[in-house]
Every structure is written in structure tokens, then in C-alpha cells.
Amino acid sequence: CGAGSMVFRLRELGFDAYGFDIHDYVAYRSDDDRQWFRFSQSTSRDTSAFTIDADRYAIPFEDDLFDVVHSTSVIEHVLDIRPMMRECARVLRPDGVSIHFYPSKYQLVEPHLYVPLASFVQYKQWLRLWITLGARNEFQSGLTVDQVTEAYKRYTMTGLRYRTRKELLYAAAEFFYGVRFMHRAISPGDSLWIQIRQMMKALRMPDVYRQLALCVRLSAMICDHKKSAVPQES
């Protein structure tokens with residue numbers, strides 16, 4: 001849930017909304033806000049160096065609680081997606097829906113690293129080439145090329161895992177009878193031509209890699225009709 005802005009907005013609209021994250025990044029408006037957020041226990045505050053036991057992993061909410069479970073740009077950071085799908089099914093009511101927005105594996109510029117094709121080309125030499133040419137995100141300012149290369153390579157191993165639609169379908173189908181995909185579901189009016197125009201404009205900007213990363217197209221996976229008996233870890 002990040003800083004919690006979506007939770008706050010949904011509650012303002014009258015929804016009984018709650019936020020969940022691995023660590024607490026919420027920008028609380030008051031102490032009363034804390035009741036709407038819950039977090040996982042982990043071994044470290046360093047988000048690049050902590051582990052979660054997949055066998056015992058559980059979202060801190062009770063069974064059959066929610067009508068909707070939603071995530072945006074989360075799936076591509078989940079290394080082991082089975083526990084995530086299992087937990088989404090567990091906390092959903094039988095007629096609930098799980099909706100996940102995510103960037104496709106096949107993007108011109110990876111939207112976190114700002115490196116071209118880095119969602120599926122993650123060789124160290126490839127990363128270093130584009131970092132040398134200026135592709136680095138706002139968290140890497142002041143670091144040397146070698147330092148950024150090491151940080152990016154580590155991130156591709158511990159913080160990124162892009163999956164094909166077939167792989168996502170396989171993971172979700174274990175827990176849901178209904179799994180379907182929508183492309184560009186967040187902004188249905190955005191055509192491929194509009195995206196091309198945005199990318200052409202980005203090429204003229206001084207922070208060209210960042211601007212190209214902002215042109216990412218999101219897809220959506222929608223899961224419903226959860227299976228009554230959620231499979232347990234073997």
C-alpha cells in the first residue's frame with residue numbers, strides 16, 4: 001500500500017478499505033489512521049536484505065474478509081508468487097475478486113531501473129552499458145557506475161521477477177477457477193498510438209530514460225471464483 005494514498009482515498013469515498021505492505025511506509029495523517037494498515041513481520045528493515053518464510057507467510061487478515069483484493073505494480077517484485085496467490089484467495093469472500101495491475105515483461109524500458117529491456121535482459125554487462133550512458137533512477141544519484149551496476153544486478157536477483165502471462169495464469173489457476181487478463185486496463189482510452197507519441201516526446205527530454213520508463217503500459221490479471229479448499233504448502 002506504500003504511503004497509503006489509495007486507502008485514504010477509498011475511505012473518503014465510503015469504502016471499508018485497508019492497506020497492507022511488507023514494511024511501514026505509510027504517511028499517516030493522524031494516529032487514528034494506523035488502524036487501517038497492517039504489515040508483515042520480516043527479519044530486517046532493509047528491504048533489500050530480508051526474508052519471509054513462504055511456508056508460514058500470511059497476510060495479517062482473517063479468512064473470507066474482503067470483497068476485493070487489489071495490487072498495483074507488486075507482482076513483478078514477488079519472487080515466489082504461490083504464497084501471494086494463496087493468501088489473496090484465503091482472505092477473499094467466496095464471491096470476491098482479486099485484481100492485480102502490473103507492467104508487462106516486454107517493455108522498451110524497465111520502469112524501476114530505467115534500463116532498456118532490463119525486464120528480461122539482466123546481464124551485468126548490459127546493465128553497466130546503459131548505466132554508463134546515463135540510465136539510473138533517482139535513488140542512485142552520486143554513485144559511481146560500478147556501484148550502480150552492483151546495486152542493479154542485486155535488485156534483478158532479489159527484487160524483480162517478470163513473468164509471462166502463461167506463468168501468471170499457472171500460478172493463479174491453482175487457487176481460482178476464473179483467471180483472465182486485460183491490457184491497459186487502468187486507462188482504456190490510451191491506445192498504442194498515444195503511447196508511441198508519449199515515447200517520441202520522451203526522447204526529447206533531458207531525463208530521457210526516466211521519461212521512457214513512465215510510458216510503461218500496465219496489464220491486469222483478474223481472479224475470481226476462488227477454490228473452496230485453498231491448497232496447502234506441500
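Note on residues 202-211: pairs passing salt bridge (charged side-chain N to carboxylate O under 4.0 Å, His left out), not counting sequence neighbours, are Asp207-Arg210.
Tyr162 and Glu110 are linked by a side-chain donor-acceptor pair at a separation below 3.5 angstrom, with hydrogens and angles left out of the test. When only modelled atom types and interatomic distance are considered, Gln140 and Tyr114 share no side-chain donor-acceptor pair under 3.5 Å.
Side-chain contact between Val109 and Val115 is absent, with no heavy-atom pair separated by less than 4.5 Å. Looking at heavy atoms from C-beta onward, Thr164 lies in side-chain contact with Tyr106 at the 4.5 angstrom threshold. Between Val26 and Val7, every side-chain heavy-atom pair lies at or beyond the 4.5 Å cut-off. Counting heavy atoms from C-beta outward, Val216 and Leu214 have side chains that stay 4.5 Å or more apart.
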Note to self: Evaluate Phe20 against Phe37 for ring pair (Phe, Tyr, Trp, His ring centres under 6.0 Å), listing each step before the verdict.
What the structure shows: CA-CA 6 Å; Phe20 167 76; Phe37 298 91; over 10 Å; no
Next item on the list: Mind running ring pair (Phe, Tyr, Trp, His ring centres under 6.0 Å) on Tyr25 and Phe39 for me, showing each step along the way?
Entry: CA-CA 10 Å; Tyr25 307 107; Phe39 310 95; 8.2 Å; no
Item checked: Full working for side chain to side chain contact (heavy atoms under 4.5 Å, CB included) between Trp126 and Leu117 -> CA-CA 9 Å; Trp126 180 261; Leu117 309 181; 4.1 Å; yes
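Here the closest heavy-atom approach between residue Leu169 and residue Phe181 is recorded as N-CZ, 3.9 Å. Looking at every heavy atom in both residues, Lys201 comes nearest to Met205 through O-CG, 3.4 Å.
Annotation: cation-pi geometry not satisfied between Arg93 and Phe66 (NZ/CZ under 6.0 angstrom from ring centroid, within 45° of ring axis). Because its NZ or CZ atom is both nearer than 6.0 Å to the ring centre of Tyr177 and within 45° of the ring axis, Lys227 counts as a cation-pi partner of that residue. Cation-pi geometry between Arg136 and Tyr209 is not satisfied (NZ or CZ under 6.0 Å from the ring centre, within 45° of the ring normal).
A continuous path of Ile, Leu, Val, Met, Phe, Trp and Tyr side chains, each step under 4.5 Å between heavy atoms, connects Val121 with Leu212, placing both in one hydrophobic cluster.
Within the 3.5 Å criterion, the main-chain N or O of Lys105 finds a donor-acceptor partner in the side chain of Ser119. For the pair Lys226 (side chain) and Phe175 (backbone), a donor-acceptor distance under 3.5 Å is absent. Remark: the backbone N or O of Leu127 is not paired with any side-chain donor or acceptor of Lys153 at under 3.5 angstrom. Remark: the backbone N or O of Ala118 is paired with a side-chain donor or acceptor of Gln122 at under 3.5 angstrom. Checked by atom type and distance alone, the side chain of Arg82 never pairs as donor or acceptor with a backbone atom of Glu174 at under 3.5 Å. In this structure a side-chain-to-backbone donor-acceptor pair under 3.5 Å is present from Gln147 to Thr144. Looking at Asp21, its side chain does come within 3.5 Å of a backbone N or O of Cys1 through a donor-acceptor pair.
Tyr57 meets the ring pair (Phe, Tyr, Trp, His ring centres under 6.0 Å) test with no other residue; sequence neighbours excluded.
Cluster note: Leu10 groups with Met6, Leu13, Phe15 through ILVMFWY side-chain heavy atoms spaced under 4.5 Å, whether in direct contact or through intervening members.
Separating the CD atom in Glu87 from the CG atom in Asp63 is a distance of 8.5 Å, to the nearest 0.5 Å.
Aromatic ring orientation, His77 versus Tyr155: tilted (interplanar angle from 30° to 60°).
Between Met221 and the options Met182, Arg165, Met85, a side chain to side chain contact (heavy atoms under 4.5 Å, CB included) holds for only Met85.
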